[in-house]
Structures are given as structure tokens and as C-alpha cells.
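Heads up: the structure comes next, in C-alpha cells.
Throughout, a chain's letter reflects where its sequence line sits, starting with A, and its residues are numbered from 1.
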Protein chains: 2
Amino acid sequence: MDARERLVVSAQELLHERGYVGTSPRAVQERAGAGQGSMYHHFTGKADLARTALRRTADTERAGAEALLSGPGTALERLTAYLLRPRDVLRGCPVGRHALDPDVVADPGLRAPLEETFDWLQRRLAEVVAEGQRAGELRAGVDPAAVAAALVATVQGGYVLARSAGHPEPFAQATGGALALLTALAR
Amino acid sequence: MDARERLVVSAQELLHERGYVGTSPRAVQERAGAGQGSMYHHFTGKADLARTALRRTADTERAGAEALLSGPGTALERLTAYLLRPRDVLRGCPVGRHALDPDVVADPGLRAPLEETFDWLQRRLAEVVAEGQRAGELRAGVDPAAVAAALVATVQGGYVLARSAGHPEPFAQATGGALALLTALAR
DNA sequence: GTCTATACGCGGATAGAC
DNA sequence: GTCTATCCGCGTATAGAC
């Protein structure tokens, strides 16, 4: 792994752990084993490096979700797989955790990966919900896009509750509750 | 309003806007129109001031929610009122926004207000759900605590989606979806 | 490409005068 | 109680040598 690559990976890790405001170029360089000069050679500065790192993180997340949602099983099974997917809950969502940072939201290049990820995710989940309705698995008459948004939000909010509590149970409860509501829509 | 009070209020505002890491004592002092000396006279430092401010914010939020949940109306109507309560969505939740900050979560005095707020909220919503089940408004056989967790998470996640998108619609979609699922449980 | 040197202001706090 | 002075290290970046 060359220096540029190590810088990106280190930035991804630190951004996940400490957020954008909490991540200093120095810390990234140290973790990457690269010097000042190296970093400022490959990137114009902190924001530039963060944009690259965030975009990569977002792409990875999207690929992971797509694997689940396009996998085998009925629509309901795939939605369940998305909700119950194993997650490192107490670390927070590597994408969603940045939504509350004003510096991220203010920089279009930094916000774009977030917007694209959730936009895509919501659309993709809505497709699966609609699929389930056509197949008669899920009751019709409920807006697929709204249900999809609720599912994504439950996951993102689950992270918030779990980190507030200091343990992962609230996440499991929230996704379990969403699942129960979804299942009720099936009968 | 005396200096101490202005410091607390200014800290509440800045913590809401910029988070804990993003809020400097200097900025708080400036907004409060107070000097260094004043702040360090009333508080031992940044963390102490933030603890006071966060606790107050949490208390206010709790009072607001309780007013809705103990108000008039059927259980389902009160749950709906909680979900559809007018919120300044793009500003984020003044309590939940801190859950992803490592410095907040690492300090028990800072995390406590978050934990207590969500713990209480989930319990309170679960009571209302159970009430609705006893009254025959909501189908029994679904865990009230899980449904409550899902509702709280939907709201918290809604903030994340809205801020990621740069506009409030995803929040409305998410709460609308949760409401649709909840309503499906009624029939 | 990477290193070292250097810069400047801010973050967070202490000290002592008034 | 509040003010001003002062502190030290970090955040973020530039400059120029190798």
C-alpha cells in the first residue's frame, strides 16, 4: 500500500471514530506513517483528503447493502436481512455519523456522499417493498418510499440510541420493532 | 439574565449548532457577552459548562414530549402527535446530535443526559403503546418496548436523513412511513 | 514524493489585579 | 464576580531542500 493509499484508509478510520471536526491532518499522517509533505503532496488539504475518504466509505457501504438487497429470498426476507445485518453498533454508521457535523454539511463535496448514499438506499429499499406488494407478501396501499425511509431512519436512529445508552440493545430493539411493524403489514 | 445564565444559554445554542468538539469556550463567552474570568468563575471549564447546558436542554426536551404524550386523545392520536410534532428538522435534535461525539460519550456526566432522555422517552412511548393495546386500538402480541424504540429511532434517524439531503423531506417521509406502519397495526 | 523548518492563530486554561 | 495578561500545545498550512 503506497503512502497515498495509507492516508486515505487512515482518514476513513479516523473520520469514522472522531468525525470531521475531530480529525486532524496530523493524526491522519501519524496513523498512516506519512509525513506532512507527503499528505500535502497528494491532497490539497484536510477537506480534500476527507472528500476522498468519505466517498470511498460511502461506496463500500452501498456495495454491502446492495449485496443484501439483491440477494436471494423473498422481499420480506431481504428487508429483514437489511435490518438485522450484523453491525458494529457502538462505532456508529460510518456514513450517517457525519450528517450532524456543520462543517460536513456546509461543504457540498463532503455532503454529497451522504446524500447519494441515503438517496440510493431509500430508493432501493422502496423497490423491494414495492416488489413485496406486487407479490402479495406485503399489504398494498402503503407508500413504499415512506416505508423505506422509515426503515433507513430506524437504523440510523438505532445508532444514536445505542451510543446514548452506551450499549447496543436499543439498536436491536428498534430494528426489532420495525421488523414487527413490517411483519404486521404482511398479515 | 445574569452572566452565569447567559453562559448556559449560549452554550446550549452553540452545542446544538456545532456539537461539543466544535464548541469552544471562547465562542460561548463571546455569544454570552462574558469574559474569560466570568466563565471560569462560574464553571470549572468547558466540560462543566457543557454538562450544565446539556442537562438543561435534555430537561426541556423531556418536558415537551411529556406534554404531548400525557395530553388528550387516544393512544394512537398521542403517538401520532409525537411523530408529527413540528420540529426544526435541519437543525438536528439538540439531544441526539451528541450521541456520535466520542468526547461526549466518553464523559459520563455528558452522556448521562442523553441516556436518561432516550431511556425515559422509550419507556413513556411504550406505556402509550401498551395503553393502546389494552384499549383495543392497537393489535396485541407486539412488544410495546420494541415499537417504542422503533418510533424514537425513526425520529432520530429522520434528522440524519434530512441533514444528509439538505432538506427536511426525508424526515417527513420517515415519520410518515412509521405512522403508516403503526396505523396498519390498528386494523 | 517526501522531509524539515517555520508560521500564525485558536483551544483551553491559569494567575493575579481590581 | 469580572478583567487582563499570559501560557503551551495543537490545527492547518506554506516553503524550500533533498
Checklist entry - Between B:Leu49 (CG) and C:dG11 (C1'), how many Å, whole number? => result 15 Å
Checklist entry - Between D:dC3 and B:His41, is there an OP1 or OP2 to side-chain N/O distance shorter than 4.0 Å? => result no
Item to check | Linked, directly or transitively: B:Trp120 and B:Val128 (ILVMFWY side chains, under 4.5 Å) | outcome: yes
Checklist entry - For A:Gln36 and D:dA17, what is the distance between atoms CD and P respectively, to the nearest whole Å? => result 18 Å
Checklist entry - 5'-most contact on DNA chain C: A:Tyr40 or B:Ala47, nearest heavy atom basis? => result A:Tyr40
Checklist outcome for this item: Rounded to whole Å, the CD-C1' distance (A:Glu30 to D:dT12) equals 15 Å
Checklist entry - Is there a donor-acceptor contact under 3.5 Å linking the side chains of B:Thr57 and B:Gln12? => result yes
Item to check | Between C:dC10 (P) and B:Lys46 (NZ): distance, integer Å | outcome: 15 Å
Item to check | Which nucleotide in D:dC3, D:dT4, D:dG11 has an atom nearest any side-chain atom of B:Ser38 | outcome: D:dC3
Checklist outcome for this item: Taken to the nearest whole Å, CZ/A:Phe43 to P/C:dT2 is 11 Å
Item to check | Residue pair A:Glu17 / B:Pro102: nearest heavy atoms and the distance that separates them | outcome: O-CG, 3.5 Å
Next on the checklist: When you compare the side chains of A:Gln156 and B:Gln156, does any donor N or O come within less than 3.5 Å of an acceptor on the partner?
Outcome noted: no
Item to check | Atom-pair distance (CZ on B:Arg26; P on D:dT6), nearest Å | outcome: 15 Å
Checklist entry - Whole-Å distance between C:dA13 C1' and B:Asp48 CG? => result 14 Å
Item to check | Residue closer to the 5' end of DNA chain D, A:Pro25 versus A:Gly37 (nearest nucleotide) | outcome: A:Pro25
Item to check | B:Gln29 CD - D:dC3 P separation (whole Å) | outcome: 10 Å
